[in-house]
Number of protein chains: 2
Amino acid sequence: MTSPRVLIVDDQELIRAGFRLILTARGIDVAGEAGDGAEAVDAERRLHPDVVLMDIRMPVMDGLEATRRILARSPRCRVLMLTTFDLDRYVYSALALGASGFLLKDVTADHLAAAVRLVGTGDALLSPTITRRLVQRFAGAQPAVHRDLSPLTPRETEVLALLGKGLSNTELAATLTLSEATVKTHVARIFAKLELRDRAQAVVLAYETGLVTPGT
Amino acid sequence: MTSPRVLIVDDQELIRAGFRLILTARGIDVAGEAGDGAEAVDAERRLHPDVVLMDIRMPVMDGLEATRRILARSPRCRVLMLTTFDLDRYVYSALALGASGFLLKDVTADHLAAAVRLVGTGDALLSPTITRRLVQRFAGAQPAVHRDLSPLTPRETEVLALLGKGLSNTELAATLTLSEATVKTHVARIFAKLELRDRAQAVVLAYETGLVTPGT
DNA sequence: GAGGATCTCAGACCACGGTCCGATGCCATG
DNA sequence: CATGGCATCGGACCGTGGTCTGAGATCCTC
């Protein structure tokens, strides 16, 4: 298992030392430390770590601004935010900046190591409370899916997804390498099952169900 | 480092075997396997695993329903959803059900192991794309507007908004108390100005620009 | 008051989209 | 092996949708 190189950023030296102990004891390479945001930006530029463990509250330059600058220069770098409190504004702005995850400081040693390894492999993480809150927010703004897509066969779902992109029947046939006749039957079945009339209505439903999402 | 006990649920035996190999090779204890949702509920009750690796698409009972039943009985159990496609509806409903995370099946072996260890310690995870999407949804604002709506006259914008709801020309004429001929000219002008071909494409553009938003 | 932009409408044309009728092959389930 | 679901195709039908051309009415600005 390849181990990520880590940069530890926190204004408290004790915390840094503790983290360094925890990580090195589990075979994770600590590339360096920084005591504030400005130092962090500097250190990242020199050391090119895979993961940055970034405290939010710090003197000189806080973790959010430091994250912004680091990711602007090194988009492939993974930033794991650390904080004592799970204040919403921190979470959302950190994630909006492109941070890969968010950890409370009361994590266990094992947990911290696992989290670092995980974001090192490229995935993001969120603590359960934060994930739940995000989902709830989303669920609140998104009142249930109108119609159920389950009666559709896999192929039909595939067709609907492309239909949701606004493709014509000929384009559909081209991208799926099918005859237009086949495309028509698929489309007709979709309409029948979902009680649609138009492909326009199909596009609406694709967006409403989340089969297609804006911005992709 | 304490290792979580894992239950692998997938209808494809090859997948299960592969996952078992990956996890055991990295010192993670595989408590058992299940081939569909019903078996999974059963196995979880017998084995009490810390983590369930749950495929979504399965015969008999799908992963979502199985997750619901498992978490109803064993709320401390962590469920990690697996899927081939990152279809939104799966993501949201899975997370709403209380799943701890969501993984695409093309994960690397290291990644899978790290993810299992992480959720075993209690935290949730989301793939970067999904996290980003959640945050964007939450943030509400869809900044990336492909085409500019400014060349449209007020009336045309009004028509486009209704067009985005999937209305036909006759419905359009009815709701705006216009003749169908007038509707047609408006629609034609909109198409010309925005370089659209279909009303289907118009619906897409309405959603992409934020003129129409899902859930309203 | 001349001009431009906008909103309104009409008639005619044709293609694409949607429907209905068929048909075949495949595979899983029983 | 028989049944049913799924995916694939063809042909024929007709209507809505989209295009073009032209035109009257209002409201603005210059």
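Atom set for the values below is all heavy atoms of this structure, side chains included, hydrogens, waters and symmetry mates excluded. Residue numbers start from 1 in every chain, and the chains themselves are labelled A, B, ... in the order their sequence lines are given, proteins ahead of strands. Being a predicted model, the structure only gives us computed values, none of them experimental.
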Next on the checklist: Rounded to the nearest 0.5 Å, what separates atom CD1 in B/I190 from atom OG1 in B/T157?
Outcome noted: 7.5 Å
Next on the checklist: Which residue in the set B/D55, B/I56, B/L53, B/V52 passes side-chain contact (heavy atoms from CB on, under 4.5 Å) when paired with B/M81?
Outcome noted: B/I56
Next on the checklist: Quick check for you: name the first and last nucleotides of DNA chain C, 5' to 3', having an atom under 4.0 Å from a heavy atom of chain A.
Outcome noted: C/dG17 to C/dT19
Next on the checklist: Is there a side-chain contact between B/L163 and B/V203 in this structure, where contact means two heavy atoms from C-beta onward sitting under 4.5 Å apart?
Outcome noted: no
Checklist entry - So does A/R189 have more than 12 non-hydrogen atoms from other groups sitting under 6.0 Å from CZ? => result no
Item to check | B/T182 (side chain) donor-acceptor with B/L178 (main chain) under 3.5 angstrom | outcome: no
Next on the checklist: If you define the side chain from C-beta out and look only at heavy atoms, does anything of B/I8 sit under 4.5 Å from B/R20?
Outcome noted: yes
Checklist entry - For every nucleotide of nucleotides 9-19 of chain D, 5' to 3': is a protein heavy atom under 4.0 Å from its base (B), only from its sugar-phosphate (S), or from neither (-)? => result BB------BBS
Checklist entry - In whole angstrom, what separates B/R189's CZ from D/dC20's P? => result 12 Å
Next on the checklist: I'd like to know if the side chain of A/E65 and the backbone of A/D62 have a donor-acceptor N/O pair within less than 3.5 Å.
Outcome noted: no
Item to check | Side chain A/R199, main chain A/L167, donor-acceptor under 3.5 Å | outcome: yes
